[in-house]
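Proteins come first, then strands; the chains are lettered A, B, ... in the order of their sequence lines, and each starts at number 1.
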Amino acid sequence: MYKLIIDKNKLDIRKTLNSGQVFRYHMLNDEQIFILMTGNHFVIVKSLDQGYLFECSEEVFKSIWSPYLDLNRDYDKVNRRIIRKDKRLKEAIKLHQGIRILKQDPFEMLITFIVSQSKAIPQIKKLVDGLSEEFGEQIGTYDHVKIYSFPRPKDLAHLKEADFREMKFGYRASYLEAGVDMFLNTSEDLSELSDEALKTKLISVKGVGDKVASCVMLFGYGRHKSFPIDVWMRRIVMALYYPEESIKISDKKLEKFGKEMYGQDAGIAQQYLFEYGRIKIKN
DNA sequence: ATCCAGGCCCGAT
DNA sequence: ATCGGGCATGGA
């Protein structure tokens, strides 16, 4: 087993996991040990002084974790482009050096983000962990923590709305059924679709709107031109770019603004804007 | 106890 | 096109 060390300037796992883009992970030992999970893979990562120690082979790191963590992208270059668009983000970018946009499994993204609507992170994690435990497979153990794969669409195919309700998913139950159905009934490879066609496809699922679809595109398909607008982004974009207006600009317009302003870097800019808002906007 | 979440649907304008 | 009520659950 190779032991790989990744520089902390390049990657900040704690911040990345805490940035609200992912629910499939565990943090142990006071946020010094991380278990990353995607599909039926997992890896133990330990935070050391000299960097992050990945406990996996070089081959697995290259094929699974490097793409997952978006490590082949030059974030310094992206950051410079973003700062060129708005210098006010320089501070947020500096503070959040090492945050990455994850490339997660698309099915996991869809399901976990359907669950996420109108819920708090601990609740979401609990429900997602429960699904994995019940319908995934145990793929490892670390320090008494059992590690489960996320179920594939076929593993959830038999579940109906009533079943999801029983598992406390609330009104999202029918949305989950619809999401599973879409994956089961789609033979085409969605990653081949254009941004526009992919979004149309995702929104065709009952319970998936602009926000969830944009997040799935960004965090599941690596479509970095996506610019999801949630209540926080609304507040932040309004405060930064429309300080004079009252609340009459639609989410659609705000999304369009972000995409035009930041172009190919919209998704990453969105992440920094979110952090900027957390610093600057009291609410 | 009430209120309300990092949305979305649906029916009414 | 846009607005607002309703939706489940659980934590503040």
Identify each donor-acceptor pair in which a side-chain atom of residues 139-150 of chain A lies under 3.5 Å from a protein atom, sequence neighbours left out, and give them as a table.
| unit_1 | atom_1 | unit_2 | atom_2 | d |
| --- | --- | --- | --- | --- |
| Thr141(A) | OG1 | Gln138(A) | NE2 | 3.0 |
| Ser149(A) | OG | Glu137(A) | N | 2.9 |
| Ser149(A) | OG | Glu137(A) | O | 3.4 |

When rounded to the nearest Å, what value does the distance between P atoms of dC8(B) and dG11(C) take? 23 Å
Whole-Å distance separating the CG atom of Asp251(A) from the C1' atom of dG7(B): 10 Å
How is Ser19(A) classified with respect to the nucleic acid when contacts are heavy atoms under 4.0 Å: base, sugar-phosphate, or nothing? base
Atom CG of Leu127(A) to atom C1' of dA5(B): distance rounded to whole Å? 14 Å
Could you state the NZ-P distance from Lys252(A) to dG7(B), rounded to the nearest angstrom? 15 Å
Got more than 12 heavy atoms from elsewhere within 6.0 Å of NZ, Lys259(A)? yes
Rounded to whole angstrom units, what separation is found between the CG atom of Leu176(A) and the C1' atom of dC8(B)? 13 Å
Charged N to carboxylate O below 4.0 Å: is that the case for Arg73(A) and Asp265(A)? no
Measure up the Phe257(A) and Tyr241(A) rings against each other and bin them: parallel (under 30°), tilted (30 to 60°), perpendicular (over 60°). tilted
Val216(A) pairs by side-chain contact (heavy atoms from CB on, under 4.5 Å) with which of Leu202(A), Ile111(A), Ile114(A)? Leu202(A)
Answer yes or no: is there a donor N or O on one side and an acceptor on the other, between the side chain of Ser19(A) and the main chain of Thr16(A), under 3.5 Å? yes
Atom pairs and distances, side-chain donor-acceptor, residues 34-49 of chain A, under 3.5 Å, sequence neighbours left out:
| unit_1 | atom_1 | unit_2 | atom_2 | d |
| --- | --- | --- | --- | --- |
| Lys46(A) | NZ | Glu55(A) | OE2 | 3.2 |
| Ser47(A) | OG | Lys8(A) | NZ | 2.7 |

Considering only nitrogen or oxygen atoms on both sides, find all protein atoms under 3.5 Å from nucleotides 8-12 of chain C and state each distance.
| unit_1 | atom_1 | unit_2 | atom_2 | d |
| --- | --- | --- | --- | --- |
| dA8(C) | OP1 | Arg165(A) | NH1 | 2.7 |
| dA8(C) | OP1 | Arg165(A) | NH2 | 2.3 |
| dA8(C) | O4' | Tyr171(A) | N | 3.2 |

Which pairs with one or both residues in residues 109-132 of chain A pass salt bridge (Lys or Arg N to Asp or Glu O under 4.0 Å), sequence neighbours excluded? Lys125(A)-Asp129(A)
Partners meeting side chain to side chain donor-acceptor pair (under 3.5 Å) with Glu275(A) (sequence neighbours left out): Arg278(A)
Mind checking the P distance from dG6(B) to dT2(C)? Whole angstroms is fine. 25 Å
Within residues 97-115 of chain A, which residues have any heavy atom lying less than 4.0 Å from an atom of DNA chain B? none
Separation of dT2(C) atom P from Asp210(A) atom CG, nearest Å, is 13 Å
Check whether the ring centres of His96(A) and Phe274(A) lie less than 6.0 Å apart, and answer yes or no. no
Could you check whether the rings of Phe183(A) and Phe107(A) sit parallel, tilted or perpendicular, using 30° and 60° as the cut-offs? perpendicular
Using a 4.0 Å cut-off on heavy atoms, which residues in residues 257-268 of chain A reach DNA chain B? List them by number, or say none. none
As a check on the pairing definition, encode DNA chain B in dot-bracket form, counting Watson-Crick and G-U wobble pairs whose two distances are under 3.5 Å, and using | for partners outside this strand. .||||.|||||||
Under 3.5 Å donor-acceptor, Glu161(A) side chain and Glu177(A) backbone: no
Given atom CH2 of Trp232(A) and atom P of dG7(B), what is their separation to the nearest angstrom? 11 Å
Residues passing the salt bridge (charged side-chain N to carboxylate O under 4.0 Å, His left out) test with Glu196(A), sequence neighbours excluded, are none
Rounded off to whole Å, could you give me the CD1-to-P distance for the Ile124(A) and dG6(B) pair? 8 Å
Among residues at least two apart in sequence or on other chains, which ones pass salt bridge (charged side-chain N to carboxylate O under 4.0 Å, His left out) with Glu188(A)? Lys201(A)
Closer than 4.0 angstrom, basic N to acidic O: yes or no for Lys199(A) and Glu255(A)? yes
Whole-Å distance, Lys211(A) NZ to dA5(B) P, equals 14 Å
Testing Asp12(A), Leu4(A), Leu69(A) one by one against Tyr52(A) for a side-chain contact (heavy atoms from CB on, under 4.5 Å), which residue passes? Asp12(A)
Partner residues of Arg100(A) under the salt bridge (charged side-chain N to carboxylate O under 4.0 Å, His left out) criterion, sequence neighbours left out: none
Protein-nucleic acid N or O pairs under 3.5 Å, nucleotides 9-13 of chain B:
| unit_1 | atom_1 | unit_2 | atom_2 | d |
| --- | --- | --- | --- | --- |
| dC9(B) | OP1 | Gly207(A) | N | 2.9 |

Taking the P atom in each of dG10(C) and dC9(B), what is the distance between them to the nearest angstrom? 23 Å
